[in-house]
Amino acid sequence: MSDKTIGVLGLQGDFREHAASLKAIGQNPVLVRRPHELEQVDALVIPGGESTAMWKLATTAEMFEPVRKRVADGMPVFGTCAGMIMMADRIVDAAAGQQTFGGLPITVRRNAFGRQTESFEEPIAFDGVGELTGVFIRAPWVESVEEGVEVLARVTSGPATGRIVAVRQGNLLATSFHPELTTDHRVHEYFVDLVRAA
């Protein structure tokens with residue numbers, strides 16, 4: 001797949017961990033911090049972190065509109081945690097004035113699973129991948145999806161049972177949890193397959 005380059009948005013959050021996961025499966029990811037770097041990639045990973053900080057930094061770096069346009073134009077994108085929030089068209093409990101890149105016709109609830117101290121790991125059955133460990137850190141969940149959005153995983157136990165934690169629509173993939181914080185790279189492989197097919 002040498003003809004497709006995957007970028008990792010390197011403004012804030014755990015972008016280094018995503019880059020390491022991609023390298024572990026034979027990819028050569030590039031960090032994207034400026035518009036000219038965005039132009040050189042075929043796909044983008046939006047990492048976990050803090051969605052309000054990411055929105056503000058993207059705006060300051062003049063990256064907000066370029067990313068939004070590339071998403072709208074069909075570039076494959078994979079967002080985790082804060083990245084899922086940045087891909088959602090609507091946010092519940094958003095910060096004042098908070099904006100997203102959008103593209104995914106879903107509604108997410110910010111910090112749905114509670115604060116940092118309530119972080120947890122949970123077995124997740126992920127369609128097309130199998131069972132894996134979901135690492136949730138101040139994670140959002142998907143409140144609702146519009147027609148055409150495929151639900152790939154839900155919470156299967158505990159008080160959040162049934163909550164949607166992974167979705168896909170076309171070239172867009174998003175998870176509430178952090179596959180980049182585990183040594184299981186199958187969700188990244190799933191995204192790479194999606195990029196190959198785009």
Side-chain angles (χ1 to χ4, degrees), residues 5-24 27-72 75-104 106-120 134-142 165-167 171-182 185 187-188 191 195:
T5 302
I6 298 177
V8 180
L9 189 64
L11 296 174
Q12 195 267 343
D14 58 351
F15 51 87
R16 291 178 192 86
E17 289 82 352
H18 273 290
S21 292
L22 288 164
K23 282 177 184 164
Q27 298 304 303
N28 190 21
V30 297
L31 290 184
V32 173
R33 293 188 171 105
R34 294 282 177 259
H36 73 272
E37 294 165 339
L38 180 67
E39 289 166 15
Q40 294 163 9
V41 301
D42 302 294
L44 188 67
V45 175
I46 304 176
E50 217 296 305
S51 60
T52 51
M54 207 175 287
W55 153 55
K56 289 172 181 170
L57 286 164
T59 304
T60 303
E62 299 183 346
M63 284 291 289
F64 190 80
E65 287 304 329
V67 172
R68 181 181 259 187
K69 185 177 188 313
R70 287 293 304 275
V71 173
M75 172 178 65
V77 181
F78 172 29
T80 61
C81 198
M84 172 187 264
I85 295 170
M86 292 301 296
M87 292 172 70
D89 284 346
R90 289 169 305 280
I91 314 174
V92 179
D93 289 345
Q98 184 171 1
Q99 294 182 45
T100 68
F101 300 130
L104 262 178
I106 61 174
T107 300
V108 297
R109 180 175 292 277
R110 225 166 59 112
N111 299 338
F113 289 99
R115 302 193 173 282
Q116 195 96 13
T117 53
E118 296 164 78
S119 301
F120 64 99
V135 178
F136 293 86
I137 303 170
R138 284 180 64 206
W141 65 44
V142 179
V165 292
V167 293
N171 287 336
L172 304 179
L173 174 69
T175 65
S176 301
F177 53 92
H178 291 268
E180 73 283 6
L181 298 182
T182 72
H185 305 303
V187 179
H188 287 83
F191 180 61
V195 175

Do the side chains of Val187 and Phe78 get nearer than 4.5 Å, heavy atoms only? yes
Residue pair Ala19 / Pro29: nearest heavy atoms and the distance that separates them: O-CG, 3.6 Å
Asn171: which residues meet the side-chain contact (heavy atoms from CB on, under 4.5 Å) condition with it, sequence neighbours left out? Pro76, Leu194, Ala198
Test item: Cys81 and Ser176 side chains (from C-beta on) under 4.5 Å apart, heavy atoms: no
Hey, could you give me the CD/CD distance between Glu17 and Glu180, rounded to the nearest 0.5 Å? 7.0 Å
Listed by chain and number, what are the side-chain contact (heavy atoms from CB on, under 4.5 Å) partners of Thr100, not counting sequence neighbours? Ile91
Tell me every residue that passes side chain to side chain donor-acceptor pair (under 3.5 Å) with Glu65, counting only those two or more places apart in sequence or in another chain. none
I'd like to check the side chain to side chain donor-acceptor pair (under 3.5 Å) partners of Arg68; sequence neighbours left out, ordered by chain and number. none
What distance do Met87 atom CE and Ser51 atom OG have between them, rounded to the nearest 0.5 Å? 14.0 Å
With a 4.5 Å heavy-atom cut-off, do Ile6 and Val45 have their side chains touching? yes
Would you call the rings of Phe113 and Phe136 parallel, tilted or perpendicular if under 30° counts as parallel and over 60° as perpendicular? tilted
Within the structure provided, determine whether Thr175 and Val165 are in side-chain contact (heavy-atom separation under 4.5 Å). no
side-chain contact (heavy atoms from CB on, under 4.5 Å) with Ala58: which residues, sequence neighbours excluded? Leu11, Met63, Phe64, Phe101
How long is the gap from CZ on Phe191 to CG on Leu22, to the nearest 0.5 Å? 8.0 Å
Between Val30 and Val8, is any pair of side-chain heavy atoms under 4.5 Å apart? no
Return the set of residues passing side chain to side chain donor-acceptor pair (under 3.5 Å) with Asn28 (not counting sequence neighbours), or none when no residue passes. none
Please check: side-chain N/O of Asp89 versus main-chain N/O of Gly102, any donor-acceptor pairing under 3.5 Å? no
Which pairs count as salt bridge (Lys or Arg N to Asp or Glu O under 4.0 Å) when at least one residue sits in residues 37-55, sequence neighbours excluded? Glu50-Arg110, Glu50-Arg138
Steps toward side-chain contact (heavy atoms from CB on, under 4.5 Å) verdict (Thr107, Val142): CA-CA 6 Å; Thr107 300; Val142 179; over 6 Å; no
Which residues pass the side chain to side chain donor-acceptor pair (under 3.5 Å) test with Thr80, sequence neighbours left out? His18
Closest non-hydrogen atoms of Ala61 and Pro35, given as atom of the first, atom of the second and distance, are O-CD, 3.9 Å
Over all heavy atoms of both residues, which pair between Gly97 and Trp55 is shortest? Give the atoms and the distance, please. O-CZ2, 3.1 Å
Could you state the interatomic distance from CG (Asp14) to OG (Ser21), rounded to the nearest 0.5 Å? 9.0 Å
Non-neighbouring partners of Lys23 that pass salt bridge (Lys or Arg N to Asp or Glu O under 4.0 Å), sequence neighbours left out: none
With the side chain counted from C-beta on, respond yes when Leu44 and Leu38 share a heavy-atom pair under 4.5 Å apart, and no when they do not. yes
Salt bridge (Lys or Arg N to Asp or Glu O under 4.0 Å) with Arg90: which residues, sequence neighbours excluded? Glu146
Should we say atom CD of Gln40 is surrounded by more than 12 heavy atoms from elsewhere, each under 6.0 Å from it? yes
For Phe15, enumerate each residue passing the ring pair (Phe, Tyr, Trp, His ring centres under 6.0 Å) test, keeping only those at least two apart in sequence or located in another chain. none
Distance check, rounded to the nearest 0.5 Å: Gln98 atom CD versus Met54 atom CE? 10.5 Å
Qualifying residues under side-chain contact (heavy atoms from CB on, under 4.5 Å), relative to Val71, sequence neighbours excluded: Val67, Val77, Leu172
Kindly say whether Gly10 contributes a backbone atom to a donor-acceptor pair with the side chain of Arg33 at under 3.5 angstrom? yes
How long is the straight-line distance from CD1 of Ile85 back to CG of Asn111, given to the nearest 0.5 Å? 6.5 Å
